[in-house]
Each structure stands twice: as C-alpha cells, then as structure tokens.
Amino acid sequence: MTLPASLDEAVAALAAMPAAVPVAGGTDLMAAVNRGLLRPAGLVGLGRINEIRGWQYQDGHALLGAGLTHARMGRPDFAALIPALAAAARAAGPPQIRNAGTLGGNIASAAPTGDALPVLAALEATLVIAGPEGARREIPVSHLLAGRELLAPAELIGHVRVPLLHAPQVFLKATGRTGPGRATASVAVVLDPARRGVRCAVGAIAPMPLRPLEAERWIASLIDWDGERAALAPEALNAFGEYVAAACIPDPVPAADGTEPPALSPAVLHLRRTVAALARRALGRALS
Ligand SMILES: Cc1cc2nc3c(=O)[nH]c(=O)nc-3n(C[C@H](O)[C@H](O)[C@H](O)COP(=O)(O)OP(=O)(O)OC[C@H]3O[C@@H](n4cnc5c(N)ncnc54)[C@H](O)[C@@H]3O)c2cc1C
C-alpha cells in the first residue's frame with residue numbers, strides 16, 4: 001500500500017497505478033474485499049494526508065476535509081458549526097466505524113444509506129475534486145450522487161464546501177431496530193433565513209437523496225421569517241410531513257388505458273408514514 005502525504009501525491013500515485021484504488025478508513029472498501037467483491041491490484045492510503053483531516057473557514061463556508069472521520073464530526077465544536085452533519089455522523093454505525101469511516105468515503109461509496117448524504121444534499125454542498133497536476137474542479141454533491149458527474153480514475157474528493165447558515169438544522173434517522181443500524185429512512189431539514197428557505201432531503205429510500213422542492217417552497221411561504229419565533233401550527237407541520245412523504249413515495253398513477261394501478265404495499269405505506277413522521281419532527285425541532 002502506498003501512503004502519500006499530500007492530496008497531489010495521492011493523485012499522482014493513482015495516475016501512476018491505474019489499477020489501484022484509494023482507501024480512507026477502509027470500512028466500506030475492506031468489507032467489499034472481505035466479501036470477495038473487490039480485489040484491488042494496489043491501494044493508495046489517504047490516512048496520512050493532514051490537509052484533508054480538518055476544516056477551515058472560507059467566504060461564509062466551511063471547507064471540510066474528505067478525511068474527517070464521523071467521530072470527529074460528531075464532536076461539539078463541529079456540531080456548533082454544522083449541526084445536521086454532526087447528528088448524521090453520530091448516527092453512522094457503531095463506534096469502531098465512526099472512528100475510522102470518513103466523510104469522503106461516505107460520499108464516494110454513495111450508498112443509499114449513507115447518513116451524511118441527505119444532509120449534504122439539503123445544504124447544497126459542493127465537492128472540491130483533486131486531479132492530476134494540481135487540478136481542482138468543483139461539482140455539486142448531488143451531481144456525483146445522481147451519476148451526472150463521475151470521478152476520473154486519478155481523481156479524489158479533496159474537500160466538501162458547505163455553506164455556514166447559522167440557523168437550525170436537524171437530521172433524523174429511522175433504522176427499524178434499536179441501537180446503531182443503517183437507515184431505513186432519514187430526513188435532513190435545514191433552515192436558511194437569509195434566503196427565507198427551508199431545504200429538506202430524504203435519504204435511504206432511493207438510490208440518492210430526494211429533494212421535495214414543492215413541499216420546501218410551500219412550507220417556507222407559511223413561515224413568518226421576520227417574527228420573533230418562526231413557529232408553525234401542528235397542522236402545518238403534519239401537512240409538511242405528508243407533502244414530503246407523498247412527493248418522495250408517490251401514489252401509483254393509472255395506466256394510459258385507464259386501468260387502476262395496484263395499491264401501495266403495506267411495507268411501502270409504512271415507509272411513507274415513517275418519512276412523514278421524520279419530516280414533521282425534523283421541521284418541528286428546527287423551528288422550536
Ligand atoms: C458495520 C458497518 C456499519 C455501517 N453503518 C453505517 C451507518 O449507519 N451510516 C453510514 O452512513 N455508513 C455506515 N457504514 C458505511 C461506512 O462506514 C461509511 O460509508 C464510511 O463513511 C466510509 O468511509 P471510509 O473512509 O471507511 O471509506 P473507505 O472504505 O476507505 O472507501 C469507500 C470508497 O470510497 C472511496 N474513497 C474513499 N475516500 C475517497 C476520496 N477522498 N476520494 C475518492 N474516493 C474515495 C474508496 O476508494 C472506496 O471506493 C457502515 C459500515 C459498516 C462496515
């Protein structure tokens with residue numbers, strides 16, 4: 001395994017060994033190796049690259065290193081900065097996974113159950129991609145998750161640019177069991193008072209986080225942004241939950257010949273109720 005000391009060295013190592021793969025905490029990658037799903041010809045370890053282990057402030061944004069571990073992001077100083085990402089990091093698996101698993105690995109794996117992903121989608125974060133010869137390019141995280149942009153073999157996620165909104169934001173996750181576990185559904189709600197916006201993303205129920213944009217716009221129009229407390233009536237919170245859930249898990253539509261479609265199965269109806277409850281609670285907490 002090669003252990004470069006900088007992002008550019010890591011990119012150069014990958015360019016020199018096209019069959020090698022990068023490894024950060026190894027929690028996803030080694031699980032795939034152990035299951036016999038992957039046999040990398042070489043590994044480029046990212047664990048010694050100091051420049052991607054912390055964060056810095058830049059023009060109203062935080063520039064987060066891809067090597068930040070879930071454990072580090074769960075600490076109070078980070079939670080004061082980006083509360084929803086800290087909450088997602090605290091919910092990501094058992095302690096040994098949180099100690100090793102990284103933000104960059106969570107994004108690159110792009111598993112539907114990646115807890116950081118709905119938060120980054122709601123925050124409209126961008127990725128700073130490092131390429132050969134010091135090249136850097138920025139793409140919206142949603143483009144990578146939707147497969148609209150791919151990483152080239154010698155590219156790495158170096159940093160994640162997240163706007164600092166200085167307003168409440170909440171991440172909630174349902175696992176279908178007690179204790180740590182993968183999400184069956186998760187919801188991130190972010191308030192953006194400067195733009196009078198509510199942003200919401202639903203994770204785990206589709207290959208990538210879903211944004212219920214109409215529900216966001218509707219609920220934002222009900223909030224008294226200039227009032228002392230931006231509270232909403234329980235009926236509005238309930239309606240928001242239902243709106244989000246129906247947008248993400250829509251009712252089946254009749255076929256072109258008018259044939260009635262089959263009803264949603266009990267499992268899907270349960271998932272829809274879970275999403276509605278998470279969205280309602282997340283917004284209620286953000287406004288409380
Ligand atoms: C038992 C268990 C429970 C888990 N529970 C959860 C959970 O509840 N929530 C959750 O979100 N995740 C969970 N995970 C998944 C995993 O821990 C996270 O996705 C973690 O963030 C992956 O980070 P890593 O550093 O370990 O990635 P690695 O395993 O090192 O890498 C994963 C993939 O990303 C690529 N990669 C890594 N870093 C970069 C980079 N900077 N640029 C480009 N590509 C890169 C690697 O090549 C590899 O393809 C769990 C995993 C296990 C094994």
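Start at 1 with the first residue, then count along the sequence. Both counts, for ligands and for their atoms, begin at 1 and track the order of listing.
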Relative to the heavy atoms of Ala91, which atoms of ligand 1 are at a distance of less than 4.0 Å? 8 (O)
With only distance considered, is Gly93 within less than 3.5 Å of ligand 1 through an N or O on each side? yes
Residue-ligand contact Gly181/ligand 1, heavy atom below 4.0 Å: yes
Hey, is ligand 1 close enough to Ile157 that some N/O pair sits below 3.5 Å? yes
Can a donor-acceptor pair be found between the side chains of Ser6 and Asp8 at a distance below 3.5 Å? no
For ligand 1, find out whether one of its N or O atoms is nearer than 3.5 Å to an N or O atom of Gly114. no
Closest heavy-atom approach to atom 24 (P) of ligand 1 among Gly25, Pro22, Pro112 is made by Gly25
Cationic N near anionic O, under 4.0 Å, Glu155 to Arg137: yes
Report the residue from Leu237, Val187, Leu172 that forms a side-chain contact (heavy atoms from CB on, under 4.5 Å) with Arg281. Leu172
Candidate pair Asp251 and Arg272, rule salt bridge (charged side-chain N to carboxylate O under 4.0 Å, His left out), full reasoning: CA-CA 10 Å; Asp251 282 323; Arg272 189 147 111 172; 3.0 Å; yes
If we set the cut-off at 4.0 Å for heavy atoms, which region of Leu151 has an atom near ligand 1: side chain, backbone, both, or neither? side chain
Geometric N/O contact Ile97 with ligand 1, under 3.5 angstrom: no
Is the CZ atom of Arg136 crowded by more than 12 outside heavy atoms at less than 6.0 Å? yes
Proximal candidate to atom 49 (O) of ligand 1 [heavy atom criterion; set Asn106, Leu29, Val21]: Leu29
Sub-4.0 Å atoms of ligand 1 with respect to non-hydrogen atoms of Asp115: 7 (C), 8 (O), 9 (N), 10 (C), 11 (O)
Tell me which one of Ile107, Ile129, Thr102 gets a heavy atom nearest to atom 25 (O) of ligand 1. Thr102
A student comparing Thr27, Leu7, Val11 should find that the heavy atom closest to atom 22 (C) of ligand 1 comes from Thr27
Regarding atom 33 (C) of ligand 1: of the candidates Ala24, Ser109, Gly26, Gly47, which has the closest heavy atom? Ser109
Under 4.0 Å between a Lys/Arg side-chain N and an Asp/Glu carboxylate O for Arg196 and Asp226? yes
Is there a side-chain contact between Trp55 and Val162 in this structure, where contact means two heavy atoms from C-beta onward sitting under 4.5 Å apart? no
Charged N to carboxylate O under 4.0 angstrom, Arg161 versus Asp59? no
